[in-house]
Student: 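Sharing a structure below in structure tokens format, with a few things to ask.
Below, chains carry the letters A, B, ... as their sequence lines are ordered, and counting in each starts from 1.
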2 protein chains.
Amino acid sequence: MSDTDELLSIRAAELYYEENQTQDEIGVILRLTRWKVGRLLASARANGFIRIEIVHPRARRLPIERRLRESTGLTDAIVVSSAGVSSDAELQSRTAQAAADYLTNLRPIPHTLGISWGRTLHDVSLHLKQGWAPGVNVVQINGGVSLNQRTGTAASTAVTIAHKADGSATLLPSPAIFERLETKQAMEADRTIAGVLALARNAQAYVYSAGQADANSALVDSGYLTVEQINDLVAKGAVGDVVGRYIDRHGRIVDPELNERTVGIQIDQLRRAPLTIAVISGNTKHAIARAVVRNGLCTVLVTDEDTANALLQEKDTP
Amino acid sequence: MSDTDELLSIRAAELYYEENQTQDEIGVILRLTRWKVGRLLASARANGFIRIEIVHPRARRLPIERRLRESTGLTDAIVVSSAGVSSDAELQSRTAQAAADYLTNLRPIPHTLGISWGRTLHDVSLHLKQGWAPGVNVVQINGGVSLNQRTGTAASTAVTIAHKADGSATLLPSPAIFERLETKQAMEADRTIAGVLALARNAQAYVYSAGQADANSALVDSGYLTVEQINDLVAKGAVGDVVGRYIDRHGRIVDPELNERTVGIQIDQLRRAPLTIAVISGNTKHAIARAVVRNGLCTVLVTDEDTANALLQEKDTP
DNA sequence: CCCGGTTCTGCTCAGATGAGCAATGATATC
DNA sequence: GATATCATTGCTCATCTGAGCAGAACCGGG
């Protein structure tokens with residue numbers, strides 16, 4: 001397009017989008033036919049000079065969602081807009097809200113819902129509305145929180161989700177990681193624990209988040225792992241953890257011995273499940289999000305615009 | 001509007017603006033009538049959830065221009081968009097471009113055009129196209145540049161503008177500020193200098209920029225004033241200079257003695273002129289821009305979005 | 001100079017949309 | 001519980017707008 005036409009298209013866009021003039025009126029002002037004005041506006045849009053943004057905490061980015069679905073084979077992708085957010089926390093809250101919305105609209109409603117624990121899941125539980133589902137049995141799928149902090153975050157997440165659905169919660173009263181393999185095996189042999197794990201393996205749907213592999217990991221906060229252990233895992237290729245198990249970019253367990261001492265469903269159970277919702281948001285989680293999506297560890301991804309774009313760029317430059 | 005309606009309006013906006021669906025199609029998806037969808041979209045726009053931005057170096061902000069005209073009594077206001085600019089320099093270049101555009105489209109074409117000098121005016125001269133006007137006599141309205149730098153920036157600005165208009169330039173071969181009042185008076189008594197000043201006083205139109213009162217002022221760079229002198233002026237209330245003369249926020253000369261030693265047309269000449277175009281851009285120039293606009297020192301203001309918004313906010317909270 | 005190909009322009013027509021209006025539903029007040 | 005008031009809904013109609021098409025203008029190569 002010629003230079004003067006480009007300038008005209010900008011003048012037309014100003015009058016059209018900012019002054020709400022009709023193409024006819026713009027034609028009179030710029031001494032053009034209204035068809036020419038229409039074409040100029042179309043070219044302004046085609047050249048990307050017109051940027052339309054939906055600024056709202058609940059806004060999603062449907063085109064990105066579609067591209068994600070197409071390029072990854074996810075059955076569904078929910079991408080929240082990051083327009084106008086100032087902090088990572090705000091973005092994660094938006095994502096949690098979107099996950100809560102997704103759960104609320106889920107059909108058929110799962111009879112048994114397996115969940116992990118963590119800041120993200122807790123956030124999701126808070127965003128759910130009372131009565132979001134008519135009765136759901138929530139079951140924890142990995143060992144619970146905190147050796148040294150306010151206990152009960154994991155339990156309260158599950159209980160809150162269940163309570164708000166007028167359903168019941170089945171807790172997994174176990175540490176996340178045992179020191180000794182034998183202790184873990186003894187634990188799993190216990191009738192009640194085995195029952196919970198069996199229930200978890202048979203859940204119709206899973207919701208979980210994932211943590212990045214760094215000193216801020218929830219497993220470090222909770223006292224199950226030291227920063228040194230994390231550094232070791234990173235050295236072996238770990239990008240983050242999924243239901244307490246550290247994986248590398250290819251979705252493989254990086255430390256089988258540690259994995260054996262970890263309580264909860266196996267990674268492969270997530271892989272085989274028909275509905276697995278991963279809720280992953282924040283600039284530090286791009287790597288683990290990629291590992292999760294690339295290796296089929298979820299069928300539905302709830303994330304933020306920046307993370308989604310990072311995933312898409314990876315696809316473009318393989 | 002109810003909460004669920006707000007959420008629906010966001011969903012509708014996503015489908016309408018990002019997915020290019022018709023209101024009818026959206027109605028089917030959201031189980032609404034197409035009229036309801038139309039109303040939701042209207043409310044989304046009314047609530048400011050839809051942000052439309054024209055991203056282009058030549059884009060202007062017509063609504064802001066209109067509000068500026070209405071609230072200040074300017075005969076014209078040109079406001080360039082700051083969408084997508086990364087540096088103050090880029091913003092100033094856009095503003096200079098807009099000023100050049102404004103001059104090019106000016107009707108009637110002024111016979112004599114009085115100009116000041118400085119980075120901004122130089123920028124304007126560069127953005128003008130060859131043949132922008134069919135013959136204009138350009139005359140300098142204040143004493144020229146630089147005791148210690150590449151001389152001729154002031155002269156070259158005037159010459160370039162005149163040359164590109166196939167016209168002539170009349171230079172004011174004088175320092176900006178004299179040390180002694182007597183020297184300045186002797187200078188002005190000179191036949192040729194007096195003639196240039198007379199021509200400057202009778203120009204049909206003026207174009208000038210303004211400088212902020214700080215250590216980065218062009219008058220400091222050029223060696224006419226020291227940083228200490230500027231600090232003194234600031235202490236007396238100076239917010240910046242116009243054609244080399246420092247004024248306070250009420251448009252008053254802050255140092256009459258210094259003003260007497262300054263060569264060029266008086267501030268009042270600008271006030272009385274029927275067409276005075278001020279080109280002022282950059283985050284450091286909000287105060288001087290306000291002084292210029294509030295006190296009738298220009299009839300046309302060319303500026304950037306941020307400066308314009310600062311002016312409007314002043315108006316809102318008097 | 002002519003001619004095939006390409007781009008640009010003005011137009012018709014159908015689909016999309018907003019303004020305005022009457023009917024309906026909700027709410028507050030007595 | 002009756003009723004005045006206000007907001008909401010579904011609709012008609014006029015206007016706005018984009019797709020598609022035919023003719024005009026432009027261009028480069030014979």
Student: Please state how far atom CZ in A:R34 lies from atom C1' in D:dG18, giving the value in whole angstrom units.
Tutor: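 Between C1' of D:dG18 and CZ of A:R34: 10 Å.
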Student: How would you list, by chain and number, every residue that makes a side-chain contact (heavy atoms from CB on, under 4.5 Å) with A:A83, sequence neighbours excluded?
Tutor: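 By the side-chain contact (heavy atoms from CB on, under 4.5 Å) rule, A:A83 matches A:E53, A:S81.
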Student: Near DNA chain D, which residues from residues 16-26 of chain A have a heavy atom under 4.0 Å away?
Tutor: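 The stretch gives A:Y16, A:T22, A:Q23 as the residues lying under 4.0 Å from the strand, ordered by number.
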Student: Apply side chain to side chain donor-acceptor pair (under 3.5 Å) to the pair A:T112 and A:N137, showing each step before the final yes or no.
Tutor: CA-CA 5 Å; A:T112 307; A:N137 183 22; 4.5 Å; no
Student: Please collect all salt bridge (Lys or Arg N to Asp or Glu O under 4.0 Å) contacts where either partner lies in residues 10-26 of chain A, sequence neighbours excluded, each pair once.
Tutor: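 Qualifying pairs, neighbours excluded: A:R11-A:E14, A:E18-B:R61, A:E19-B:R66.
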Student: Roughly how many Å is it from CG in B:L15 to C1' in C:dA16, rounded to a whole number?
Tutor: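 Taking CG of B:L15 and C1' of C:dA16, I get 16 Å after rounding.
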Student: Work out how much the helix from C:dC1-D:dG30 to C:dC30-D:dG1 bends between its end axes, five pairs an end, to the nearest 10 degrees.
Tutor: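 So the angle between the two local helix axes works out to 30°.
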Student: With a 4.0 Å cut-off on N to O distance, would you call B:R39 and B:D5 a salt bridge?
Tutor: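 A salt bridge is absent here (no side-chain N lies under 4.0 Å from a carboxylate O).
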Student: Pick out the pairs of N or O atoms, protein on one side and nucleotides 20-25 of chain D on the other, that lie under 3.5 Å.
Tutor:
unit_1 : atom_1 : unit_2 : atom_2 : d
D:dG20 : O6     : A:R39  : NH2    : 3.4

Student: Between the side chains of A:D304 and A:T95, does any donor sit under 3.5 Å from an acceptor?
Tutor: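 Result is no, nothing qualifies.
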Student: Which whole-number value in Å describes the distance from B:L30 CG to D:dT9 P?
Tutor: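 Value for this atom pair: 14 Å.
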Student: When you compare the side chain of A:I115 with that of A:Y208, does any pair of heavy atoms fall below 4.5 Å?
Tutor: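 A:Y208 vs A:I115: side chains apart.
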Student: Atom CG of B:D5 to atom C1' of D:dT9: distance rounded to whole Å?
Tutor: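 For the pair B:D5 CG and D:dT9 C1', the rounded distance is 12 Å.
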Student: Looking only at heavy atoms, what is the nearest atom pair of B:G114 and B:A203, with distance?
Tutor: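 So the minimum-distance heavy-atom pair works out to N-CB, 3.7 Å.
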Student: Please tell me whether A:S86 and A:E90 have a donor and an acceptor in their side chains that are separated by less than 3.5 angstrom.
Tutor: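 A:S86 vs A:E90: donor-acceptor pair found between side chains.
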Student: After noting the C-alpha distance and the side-chain angles of A:L8 and A:L32, does the key distance pass the side-chain contact (heavy atoms from CB on, under 4.5 Å) rule?
Tutor: CA-CA 10 Å; A:L8 274 177; A:L32 301 166; 4.2 Å; yes
Student: Can you tell me the distance, in whole Å, between the CG atom of B:L32 and the P atom of D:dG10?
Tutor: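 It works out to 9 Å between those atoms.
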Student: If I compare all heavy atoms of B:P110 with all of B:V136, which pair ends up nearest, and what's the gap?
Tutor: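 Closest approach of B:P110 to B:V136, heavy atoms only: O-CG2, 3.6 Å.
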Student: Quick one: list whatever passes side-chain contact (heavy atoms from CB on, under 4.5 Å) with A:A96, sequence neighbours left out.
Tutor: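 Once residues adjacent in sequence are excluded, the partners of A:A96 under the side-chain contact (heavy atoms from CB on, under 4.5 Å) criterion are A:D123, A:V124, A:H127.
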